[in-house]
K.L.:
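A single structure is presented below for examination.
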Amino acid sequence: MSSLAIYNTLTRRKEPFVPLVPGKVGLYVCGPTVYDFIHVGNARTFSVFDLVVRWLRSSGYAVTYVRNITDVDDKIMDRARSRGEPIEALTERTVAAFAEDCARLNLLAPDSEPRATRYIGPMLELIGVLESKGLAYRGANADVYFSVRDFPGYGKLSRRNLDDLRAGERVAVEAAKRDPLDFVLWKAAKPGEPSWPSVFGAGRPGWHIECSAMSCRELGETFDIHGGGWDLQFPHHENEIAQSEGAHEKPFVNVWMHSAFLNMGDEKMSKSLCNFFTTREVIESLDPVQGGEQLRFFLLRGHYRSELAFTRELLEDAGNTLRGFYTALREVPPGEGEADRSHPLAARFRDAMNDDFDTPVAFAVLHELRAEVNRTRSPALAGLLKALGGTIGFLQADPEAFLKGGVSIDAGKGGATIDVDALVAERAAAKRARDFARADAIRAQLDSAGIVLEDKPGGATEWRKK
RNA sequence: GGCGCGGUAGCAAAGUGGUUAUGCAGCGGAUUGCAAAUCCGUCUACGUCGGUUCGAUUCCGGCCCGCGCCUCCA
């Protein structure tokens, strides 16, 4: 039996995974800033870590999964102001929408979903510790900064040399900083902005401090895995390390995981480039029953450290493939009882997932299993297929319902709805009377409405969405 | 300028120093009243130039091309 190896950004290699406490894993993932719907690129990252959590749990680990919500930030304030609504109304609504999107993607809820505004106290404590250790200072503008050059390990995650960084080349550097790379821990309040009282004066936290404070509260000063999108590596995660290790003087995180981008064409999808689709608009453009899992499959069938291009064709392709799995499960209903995890294909699936979550190989194994199910018509093997898919959050829907889809059937021109079952019955009667012209006419009619008929050996007829 | 990632067949995507990845699409066959589904078979591969090697897509080096981070960003 293989054991899990994970690519660690910190060491830039795959390493055997060894949890701090045997059998337990603490996992922290950087969640959304809640001023707008998440886009499909965000969905990729959250899906990747959902896969990680599910696989760790399938492997027997007790996982504590923490994913934060950033609910205080410049963008949130700007958006609330431009909409003329209270900040809380915006963030609450966005959090609720985020939860809906996650549910559609079949993402497990984190065990803890801390919000920045509820951890101001721990953040201030942490900033206090940093100041007492000489790693933080108050600027002339009353902001509090982290002094990057006073933290020896700065740059170790992203492998940057302080002197090579071009801070301020693209954005003007705040004059109050001693070094252009210093980053803000606490921002002094300006009129009309939300603020909290503190020994540093009224203000609000900088972005990076929340993750250091909340991960420590939820998972301890040192924990197993910290994840996020590739772009968070620098400066966000680098700054988290500086804050946490600067304050606690012990390793912050053992394994850093970063998921690759989702691209539009050959550019990264991002809000600043305005080239994104929201997760919900993509799902809503797909079949209402199949859409969520289809998008999830599209996002996860490639390796999480490889970039992925978002196109309509690839989304369709993913849907076709996924329907193939469900077709097998419809034809051969999974047997009751425990699946045989000692089957060679199960072992290969496990090996693939244990090799840094190699989903392309894992799905290739599932395809072999699907063919085996179709050949042997073995309910036990179908059960294994469903069970293995289930370990990574797939193939749990009712196959019949999935394949029928959420069809809103209309006859085409007139928009009149079609009674599929009545037409199927009429066709059956026509077939019995050997009126094949009528039978074929009905097939054609349904086909143009997006319904495919499948005659079964016993004379029964199944239908599904095209 | 610094740091990093990648270039695999129509499309997508793994992997390996010598033996079929896999999927979608296509094509042929079996099957079907016709279809669909399924099964069987099948066609295009490893950016480029060198090096190491009995042998390289797979290791090493140069080059070309693409992308990312260095600002908020999943």
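All chains are named by letter (A, B, ...) in the order of the sequence lines, taking the proteins before the strands, and each is independently numbered beginning at 1.
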K.L.:
A:Lys271 has a side chain; which of B:A74, B:A37, B:G68 sits nearest to it?
P.N.:
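Nucleotide nearest to A:Lys271's side chain: B:A74.
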K.L.:
Is it true that a side-chain atom of A:Asp356 and a backbone atom of A:Ile6 form a donor plus acceptor pair closer than 3.5 Å?
P.N.:
no
K.L.:
Which label fits A:Phe277 and A:Phe310: parallel for a plane angle under 30°, tilted from 30 to 60°, or perpendicular past 60°?
P.N.:
tilted
K.L.:
Just checking A:Phe234: base, sugar-phosphate only, or nothing, at a heavy-atom cut-off of under 4.0 Å?
P.N.:
sugar-phosphate
K.L.:
Please state whether the phosphate of B:G2, meaning OP1 or OP2, lies under 4.0 angstrom from any side-chain nitrogen or oxygen of A:Asn161.
P.N.:
no
K.L.:
Using atom names, set out every protein N or O paired with an N or O of nucleotides 34-36 of chain B below 3.5 Å, distance rounded to 0.1 Å.
P.N.:
residue	atom	partner	partner atom	Å
B:C34	O2	A:Asp440	OD1	3.4
B:C34	O2	A:Arg443	NE	3.3
B:C34	N3	A:Arg443	NH2	2.9
B:C34	N4	A:Arg443	NH2	3.4
B:C34	N4	A:Asp455	OD2	2.7
B:A35	N6	A:Asp455	O	3.3
B:A35	N1	A:Asp455	N	2.7
B:A35	N3	A:Arg443	NH1	3.2
B:A35	N3	A:Arg443	NH2	2.9
B:A36	O3'	A:Arg464	NH2	3.3
B:A36	O2'	A:Glu454	OE2	3.2
B:A36	O2'	A:Arg464	NH2	2.9

K.L.:
So what does A:Glu462 hit on the nucleic acid, given a heavy-atom distance under 4.0 Å: a base, only sugar-phosphate, or nothing?
P.N.:
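Nothing, no heavy atom under 4.0 Å.
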K.L.:
Is A:Phe436 stacked on the base of B:G33, meaning ring centres closer than 5.5 Å and planes within 30 degrees of each other?
P.N.:
yes
K.L.:
Tell me which of A:Asp231 and A:Ala439 sits closer to the 5' end of RNA chain B, going by the nucleotide each one is nearest to.
P.N.:
A:Ala439
K.L.:
With rounding to whole Å, what would you report as the distance between B:U57 and B:U52 at their P atoms?
P.N.:
15 Å
K.L.:
So what does A:Gly228 hit on the nucleic acid, given a heavy-atom distance under 4.0 Å: a base, only sugar-phosphate, or nothing?
P.N.:
sugar-phosphate
K.L.:
Less than 3.5 Å between a donor and an acceptor, one on the side chain of A:His39 and one on the base of B:A74, is that the case here?
P.N.:
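When only heavy-atom distances are counted, A:His39 does reach the base of B:A74 through a donor-acceptor pair under 3.5 Å.
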K.L.:
The side chain of A:Arg12 is closest to which nucleotide in this list: B:G4, B:C72, B:G2?
P.N.:
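Output: B:G4.
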K.L.:
So what does A:Pro235 touch, heavy atoms closer than 4.0 Å: a base, only the sugar-phosphate, or nothing?
P.N.:
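Touches sugar-phosphate only.
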K.L.:
If the C1' atom of B:G4 is compared with that of B:U22, how far apart are they to the nearest Å?
P.N.:
29 Å
K.L.:
Is there a donor-acceptor pair under 3.5 Å between the side chain of A:Thr278 and the backbone N or O of A:Glu281?
P.N.:
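Present.
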K.L.:
Is a side-chain donor-acceptor pair under 3.5 Å present for A:Asp179 with A:Tyr145?
P.N.:
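No - no donor-acceptor pair under 3.5 Å links their side chains.
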K.L.:
Quickly, which of A:Phe394, A:Phe297, A:Phe402 forms a ring-ring contact (aromatic ring centres under 6.0 Å, His included) with A:Tyr326? Name it, please.
P.N.:
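Considering A:Phe394, A:Phe297, A:Phe402, a ring-ring contact (aromatic ring centres under 6.0 Å, His included) with A:Tyr326 is found only for A:Phe402.
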K.L.:
Kindly point out which of B:C40, B:G68, B:G2 is positioned nearest to the side chain of A:Phe261?
P.N.:
B:G68
K.L.:
Considering all heavy atoms of both residues, which atom of A:Thr279 and which atom of A:Ala43 are nearest to each other, and what is their separation?
P.N.:
OG1-CB, 3.4 Å
K.L.:
For B:A30 versus B:A21, give the span between their P atoms, rounded off to a whole number of Å.
P.N.:
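About 27 Å, rounded to a whole number of Å.
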K.L.:
For the C1' atoms, the ones on B:G17 and on B:A12, what distance do you get once it is rounded to whole angstrom?
P.N.:
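The same atom, C1', in both gives a distance of 26 Å.
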K.L.:
What integer distance in Å separates A:Phe349:CZ from B:A14:P?
P.N.:
16 Å
K.L.:
Is there a salt bridge (charged side-chain N to carboxylate O under 4.0 Å, His left out) between A:Asp455 and A:Arg443 once you walk through the steps?
P.N.:
CA-CA 11 Å; A:Asp455 290 341; A:Arg443 177 191 290 290; 3.8 Å; yes
K.L.:
With rounding to the closest Å, how many angstrom separate the C1' atoms on B:U16 and B:A36?
P.N.:
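It works out to 38 Å between them.
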K.L.:
Under 4.0 Å, heavy atoms only, any strand: does A:Ser158 hit a base, just the sugar-phosphate, or nothing?
P.N.:
sugar-phosphate
K.L.:
Specify the separation, in whole Å, of atom CG of A:Asn42 and atom C1' of B:C72.
P.N.:
13 Å
K.L.:
Quick one, A:Lys75 with A:Asp36, criterion salt bridge (charged side-chain N to carboxylate O under 4.0 Å, His left out). Give me CA distance, side-chain angles, the key distance, then yes/no.
P.N.:
CA-CA 10 Å; A:Lys75 285 180 177 166; A:Asp36 204 347; over 6 Å; no
K.L.:
From B:G66, B:A13, B:C69, pick the nucleotide closest to the side chain of A:Arg160?
P.N.:
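From the listed options, B:C69 comes nearest.
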K.L.:
Give A:Ile38 one of three labels, base, sugar-phosphate or nothing, depending on what nucleic acid heavy atoms sit under 4.0 Å from its own.
P.N.:
nothing
K.L.:
Any luck finding a side-chain donor-acceptor pair between A:Thr70 and A:Glu210 under 3.5 Å?
P.N.:
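Yes.
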K.L.:
Under 3.5 Å, which N/O atoms of the protein pair with N/O atoms of nucleotides 41-47 of chain B?
P.N.:
none

K.L.:
To the nearest Å, how far apart are A:Glu368 CD and B:G23 P?
P.N.:
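About 8 Å, once rounded to whole Å.
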K.L.:
Check each residue of residues 143-150 of chain A for a non-hydrogen atom within less than 4.0 Å of any atom in RNA chain B, then write out the ones that pass by number, or none.
P.N.:
none
K.L.:
What integer number of Å spans the P atoms of B:A13 and B:C24?
P.N.:
16 Å
K.L.:
Salt bridge check, A:Glu218 against A:Arg67: does any charged N sit closer than 4.0 Å to a carboxylate O?
P.N.:
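Looking at A:Arg67 and A:Glu218, the cut-off is not met.
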K.L.:
Relative to each other, are the rings of A:His226 and A:Tyr28 parallel, tilted or perpendicular (30° and 60° limits)?
P.N.:
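Tilted.
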K.L.:
Can you tell me how far P in B:G47 sits from the matching atom in B:A9, rounded to whole Å?
P.N.:
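To the nearest whole Å, 8 Å.
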K.L.:
Would you say A:Ser306 reaches B:A14's phosphate, i.e. side-chain N/O to OP1/OP2 under 4.0 Å?
P.N.:
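For A:Ser306, the contact criterion (side-chain N or O under 4.0 Å from OP1 or OP2 of B:A14) is met.
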K.L.:
By nearest heavy atom, map A:Pro360 and A:Met269 onto RNA chain B; which one lands nearer the 5' end?
P.N.:
A:Pro360
K.L.:
My validator wants the stems of RNA chain B: runs of 3 or more consecutive Watson-Crick or G-U pairs, both distances under 3.5 Å, written as range with range.
P.N.:
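RNA chain B forms these stems: B:1-7 with B:64-70, B:10-12 with B:22-24, B:26-30 with B:38-42, B:47-51 with B:59-63.
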K.L.:
Hey, do the aromatic rings of A:Phe223 and A:Phe252 have their centres closer than 6.0 Å?
P.N.:
yes
K.L.:
Rounded to the nearest Å, what distance is computed from the CD1 atom of residue A:Ile69 to the C1' atom of nucleotide B:A74?
P.N.:
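Distance check: A:Ile69 CD1 to B:A74 C1' gives 15 Å.
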K.L.:
For B:U32 versus B:G18, give the span between their P atoms, rounded off to a whole number of Å.
P.N.:
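Those two atoms are separated by 44 Å.
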K.L.:
Between A:Thr11 and A:Glu15, do the side chains contain a donor N or O and an acceptor N or O under 3.5 Å apart?
P.N.:
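Yes.
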K.L.:
Measure CD/A:Glu372 against P/B:C39 and give the value in whole Å, please.
P.N.:
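These atoms are roughly 10 Å apart.
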K.L.:
Distances under 3.5 Å between protein N/O atoms and the N/O atoms of nucleotides 15-18 of chain B, please, pair by pair.
P.N.:
residue	atom	partner	partner atom	Å
B:G15	OP1	A:Asp358	OD2	3.4

K.L.:
Could I get a table of every N or O pair under 3.5 Å where one atom is in the protein and the other is in nucleotides 24-27 of chain B?
P.N.:
residue	atom	partner	partner atom	Å
B:C24	O2'	A:Asp317	OD2	3.2

K.L.:
Counting any heavy atom closer than 4.0 Å, what does A:Ala43 reach on the DNA or RNA strands: base, sugar-phosphate only, or nothing?
P.N.:
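Contact class for A:Ala43: none.
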K.L.:
Under the side chain to side chain donor-acceptor pair (under 3.5 Å) rule, what do A:Arg312 and A:Ser285 come out as? Steps first, then yes or no, please.
P.N.:
CA-CA 10 Å; A:Arg312 224 60 224 181; A:Ser285 75; 2.3 Å; yes
K.L.:
Step through it carefully: locate the ring centre of A:His208, locate the ring centre of A:Phe183, and say whether they are under 6.0 Å apart.
P.N.:
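Here the rings of A:Phe183 and A:His208 have centres that are less than 6.0 Å from each other.
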